[in-house]
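Just so it is clear: chains get the letters A, B, ... in the order the sequence lines come, proteins before strands, and each one is counted from 1.
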There are 2 protein chains.
Amino acid sequence: MTRPQLDEMNCAIARTLDVIGDRWTGLILRDVSLGITRFDAIQRDLGISRRVLSERLATMVDHGILQRVAYQTAPARYDYFPTEKGADLGLVLLAMQAWGNRWLFDDEEVPLLLRHASCGNEVSPQIACPECGEELRPQDIVPVPGPGGVDDSAELTAALERWSQPGG
Amino acid sequence: MTRPQLDEMNCAIARTLDVIGDRWTGLILRDVSLGITRFDAIQRDLGISRRVLSERLATMVDHGILQRVAYQTAPARYDYFPTEKGADLGLVLLAMQAWGNRWLFDDEEVPLLLRHASCGNEVSPQIACPECGEELRPQDIVPVPGPGGVDDSAELTAALERWSQPGG
DNA sequence: CAAAGTGAGTTCCAAAATGGAACTCATAAG
DNA sequence: CTTATGAGTTCCATTTTGGAACTCACTTTG
């Protein structure tokens with residue numbers, strides 16, 4: 001086993017990390033979403049090695065989160081755009097940005113704010129419960145086994161049982 | 001420059017990725033949050049190399065997202081718990097889980113659902129605008145420069161200008 | 001009392017991933 | 001004819017990783 005087989009783990013977080021769990025993929029997606037869509041522009045903006053950028057773009061296309069669109073032929077030149085699947089990762093990026101703004105910058109040093117286009121307000125996104133509308137804090141959430149059954153490790157099984165105990 | 005200096009980039013996502021941007025940190029935090037709090041238990045659950053786990057736990061403590069608490073001395077043995085800063089990363093993990101459940105599993109194969117404790121419903125978290133309450137989709141958000149000024153790359157400056165143009 | 005088990009690491013090596021610079025190839029611009 | 005642009009690829013030295021074995025301080029089992 002060379003890289004860990006995260007994509008075969010029975011866990012949505014593990015499989016998601018198989019797609020975006022490295023230092024560059026998230027930043028490439030950010031650039032592409034902001035409109036920095038070409039190889040050289042991304043390379044200059046991030047300072048990433050061309051070798052790694054080339055390989056990352058290819059796996060992102062493989063994973064279906066980016067699409068590669070020629071804007072000219074002879075010589076072939078390309079833009080990269082997020083697919084729907086890739087754009088949907090925007091929520092993950094937003095959550096990272098909100099966390100980074102809160103914990104890694106002083107208030108007056110925050111480099112980029114997020115504005116909700118339809119209401120015009122600056123926002124630090126909160127996750128809300130789509131059922132009751134309340135703010136959803138991580139500590140308000142309990143994990144419950146899904147329909148996919150649980151062929152989990154002994155450790156996880158034990159941990160999940162602890163959640164369903166009274167004191168959980 | 002050995003590792004890329006993401007933590008010095010003027011970008012909240014980059015700095016956040018400096019903290020959690022690898023294949024293991026998110027999963028370790030998941031385990032610890034679920035109640036798998038000890039070295040050997042995490043190692044068995046994830047199948048991570050002991051060498052890497054040891055190093056990751058140390059940097060997570062350095063970054064202030066985990067705390068290491070002795071539950072016995074002689075020999076010293078430890079639990080790891082999320083700090084407030086670490087627990088706050090839960091939103092990022094929730095967003096990853098929601099994305100993974102949606103895009104990487106068939107409906108009937110989803111291994112773990114999330115239940116909102118106070119309302120009892122299963123949820124796939126949505127990000128909501130705290131100002132107007134509407135669901136916040138990534139495409140509804142425009143980036144605007146924050147108080148920290150922008151000593152950005154030419155690429156990013158150009159991209160941000162494009163956002164504020166009519167067609168943006 | 002000896003042997004085996006538990007828990008949290010550390011040490012070592014081979015294999016894989018990375019950064020960075022130089023190179024390629026096609027075409028356009030001066 | 002020289003330089004520039006854009007999207008890569010090739011090569012090498014350095015880092016990071018996986019994995020197995022080892023350590024050290026007890027505790028439990030027989």
| Interatomic distance where CG belongs to A:L53 and P belongs to C:dA21 [whole Å] | 16 Å
| task | Please state how far atom CZ in B:R56 lies from atom P in C:dA8, giving the value in whole angstrom units. | result | 19 Å
| message | Against the six-membered ring of A:F39, is A:R68 placed for a cation-pi contact (under 6.0 Å from the centre, within 45° of the normal)? | response | no
Which atom pairs, donor and acceptor, lie under 3.5 Å between side-chain atoms of residues 26-35 of chain A and protein residues at least two apart or in another chain?
| unit_1 | atom_1 | unit_2 | atom_2 | d |
| --- | --- | --- | --- | --- |
| A:R30 | NH2 | A:D45 | OD2 | 3.2 |
| A:S33 | OG | A:L29 | O | 2.7 |

| query | To 10°, what angle do the rotation axes through the five end pairs on each side of the helix from C:dC1-D:dG30 to C:dG30-D:dC1 form? | reply | 0°
| said: Can you measure B:Y80 atom OH to C:dG9 atom C1' for me and round it to whole angstrom units? | reply: 9 Å
| said: Can you tell me if B:S49 touches the phosphate of D:dT17, counting only side-chain N or O atoms and a distance under 4.0 Å to OP1 or OP2? | reply: no
| task | For B:R38, report the nucleic acid contact type (base, sugar-phosphate, nothing); a contact means any heavy atom under 4.0 Å. | result | sugar-phosphate
| With A:D107, which residues qualify under side-chain contact (heavy atoms from CB on, under 4.5 Å), at least two apart? | none
| request: For DNA chain D, determine which residues of residues 68-78 of chain A have any heavy atom closer than 4.0 angstrom to one of its atoms, and list them numerically. | output: A:R68, A:Y71, A:R77, A:Y78
| query | What is the distance from CD1 of A:I28 to P of C:dT18, rounded to the nearest Å? | reply | 11 Å
| request: Go through the N and O atoms of the side chain of B:R50 and the base of C:dA8, and report whether any donor-acceptor pair is under 3.5 Å. | output: yes
| task | Return yes if some donor-acceptor pair links the side-chain N/O of A:R15 with the main-chain N/O of A:D7 below 3.5 Å, else return no. | result | yes
| field | Length of the line joining B:Q43:CD and D:dG19:P, which is rounded to integer Å | value | 10 Å
| message | Could you work out, with side-chain hydrogen bond (donor to acceptor under 3.5 Å, both in side chains) as the rule, every residue matching B:R137, not counting sequence neighbours? | response | B:D140
| Atom pair CG (B:L112) and CG (B:N101), whose distance is rounded to the nearest 0.5 Å | 8.0 Å
| Below 4.0 angstrom, N of the basic side chain to O of the carboxylate: do B:R38 and B:D79 qualify? | yes
| N or O in side chain of B:W24 less than 4.0 angstrom from D:dT16 OP1/OP2 | no
| said: If I take atom CG in residue B:D22 and atom P in nucleotide C:dA17, what distance separates them, rounded to the nearest angstrom? | reply: 15 Å
| query | Given a cutoff of under 4.5 Å between side-chain heavy atoms of I, L, V, M, F, W and Y, with clusters grown through shared members, what are the other residues clustered with A:F81? | reply | A:V69
| message | Taking only side-chain N and O atoms of A:R51, does any of them lie within less than 4.0 angstrom of OP1 or OP2 on D:dC11? | response | no
| query | Starting at CD1 of B:I36 and ending at P of C:dA8, how long is that distance when rounded to a whole Å? | reply | 13 Å
| request: Select from B:A41 and A:E55 the residue whose nearest nucleotide in DNA chain C is closer to the 5' end of that strand. | output: B:A41
| said: Do the side chains of B:R102 and A:E84 get close enough for a salt bridge, i.e. N-O under 4.0 angstrom? | reply: yes
| Integer-rounded Å distance: D:dG6 P and A:D40 CG | 6 Å
